[in-house]
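First up is the structure itself, then whatever we jot down about it.
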Amino acid sequence: LDSLESEARNGLRQLQSLEADREKFLRLVNAVPDDDTIAVHVDHVRIAAEALGTLDGEAARLDQRIEQLRRERDDLDRKHQDLRQAAVRLTSERNDNLRMAGLARRTQTTMREFLRRSTAQKIERLSVLVTESFAFLIRKHTLIDRVQIHPETFGIELYDDRGNVVPKGRLSEGEKQIFAIALLWGLAKASPRQLPAIIDTPMARLDSEHRGFLVDRYFPNASHQVVILSTDTEIEKGYFESLHSRIARSYHLRYDEDERATRVEDGYFWASSKGAIE
């Protein structure tokens, strides 16, 4: 009996619990609205679900677009970095070019100044050499005291011992020829190389005194090798005898009327090829 009574009590408790659950479920069932009531909400849910699907698709497309734009942005960043590096290189090269251009301008300015000064020094030296040569050859030592050559125009001015300019017109024809010879002699002295001197009819306009100066002073000193093209009235026997010790060879250019040609003969009019007077 005790066992049955215990089972009965358990069954009553279970029954009470089941009745309580039944009442709760009945309340829930009674609380659920009917289909007509929830139809509007179902449509709203359906529309929202469709919109959500559309938005999900759009979001997926936007994600793909974002990824594409991200890749493009990365490419643009790399290109931008490359362009910055190229700009840095170009700026550096431009600065180098500007420095080189500035250096070239300064170098040109320096070279022009060097050329100006070097030319002035060489012209000054040439002026001194021409003055010395002219004074050595001319007999009127008080006429010309200094020969000045302008370093830019290369114009030549003559000065007396008082510093006054001497017009070239005051020189006689012979003195002008002596001055021309002195100018060539000064140029030869200024040259770093020894050059042979070739003198053609050197005394055509000179008087006897000036001729004597040329024979005694210029011909023996004009260069290490001197070729004189002269007539027998210029280098006559007296002058030839004065130059005899310095003559290596002499030739006579004789024109043949019949052959219409010039023949080269040993000797100088009346002298042998070795310079001996016959």
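Positions are given from 1, in the same order as the sequence printed here.
- Ion pairing between E241 and K237 fails under the 4.0 Å rule for side-chain N and carboxylate O.
- Without hydrogens or angle criteria, S172 side chain to E175 main chain gives a donor-acceptor distance under 3.5 Å.
- With rounding to the nearest 0.5 Å, the separation of CZ in R70 from CD1 in I66 is 7.0 Å.
- In this structure H44 satisfies the side-chain hydrogen bond (donor to acceptor under 3.5 Å, both in side chains) test with no other residue, sequence neighbours excluded.
- To the nearest 0.5 angstrom, Q14 atom CD is 10.5 Å from E7 atom CD.
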Donor-acceptor pairs under 3.5 angstrom involving side-chain atoms of residues 188-198: please list them, not counting sequence neighbours.
unit_1 : atom_1 : unit_2 : atom_2 : d
K189   : NZ     : S133   : OG     : 3.2
S191   : OG     : R193   : N      : 3.3
S191   : OG     : R193   : O      : 3.2

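- Judged as a side-chain contact (heavy atoms from CB on, under 4.5 Å), and not counting sequence neighbours, the contacts of E257 are Y255.
- Hydrophobic clustering, with ILVMFWY side chains joined whenever heavy atoms are under 4.5 angstrom apart, groups L214 together with F179.
- For L55, there are no side-chain contact (heavy atoms from CB on, under 4.5 Å) partners at least two apart in sequence or on another chain.
- Judged purely by distance below 3.5 Å, without hydrogens or angles, the side chains of R106 and Q108 never pair a donor atom with an acceptor atom.
- No donor-acceptor distance shorter than 3.5 angstrom exists from the side chain of R146 to the backbone of D160, with no hydrogens or angles considered.
- Among residues at least two apart or in separate chains, salt bridge (Lys or Arg N to Asp or Glu O under 4.0 Å) pairs with a member in residues 54-65 are E58-R61.
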TODO: Could you please spell out the steps behind the salt bridge (Lys or Arg N to Asp or Glu O under 4.0 Å) verdict for R263 and E265?
DONE: CA-CA 6 Å; R263 292 184 301 162; E265 300 176 351; 3.7 Å; yes

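- Every residue two or more places apart in sequence or in another chain that forms a ring-ring contact (aromatic ring centres under 6.0 Å, His included) with Y218 is listed here: W185.
- Here the closest heavy-atom approach between residue R211 and residue T233 is recorded as NH1-O, 3.0 Å.
- L98 pairs by the side-chain contact (heavy atoms from CB on, under 4.5 Å) definition with R94, N95, not counting sequence neighbours.
- The side-chain tip of R22 does not point at the ring of F25 from less than 6.0 angstrom away and within 45° of straight on.
- With sequence neighbours excluded, no residue forms a ring-ring contact (aromatic ring centres under 6.0 Å, His included) with Y239.
- Residues that satisfy the side-chain contact (heavy atoms from CB on, under 4.5 Å) test with L253, not counting sequence neighbours, are T262, V264.
- Taking 4.5 Å as the limit, some side-chain heavy atom of T231 sits within range of a side-chain heavy atom of E234.
- Under the 4.5 Å side-chain criterion, counting only non-hydrogen atoms from C-beta, Y268 is in contact with S230.
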Donor-acceptor contacts under 3.5 Å from residues 79-89 side chains, at least two apart:
none

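- A donor-acceptor pair under 3.5 Å links the side-chain atoms of E236 to the main chain of G238, judged by distance alone.
- Annotation: salt bridge (charged side-chain N to carboxylate O under 4.0 Å, His left out) contacts of E93 (sequence neighbours excluded): none.
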Expected list for residues 150-158: side-chain donor-acceptor pairs under 3.5 angstrom, two or more places apart:
unit_1 : atom_1 : unit_2 : atom_2 : d
H150   : ND1    : E152   : N      : 3.1
H150   : ND1    : T153   : N      : 3.2
H150   : ND1    : T153   : OG1    : 3.4
T153   : OG1    : G155   : N      : 3.3
E157   : OE1    : Y159   : OH     : 2.5

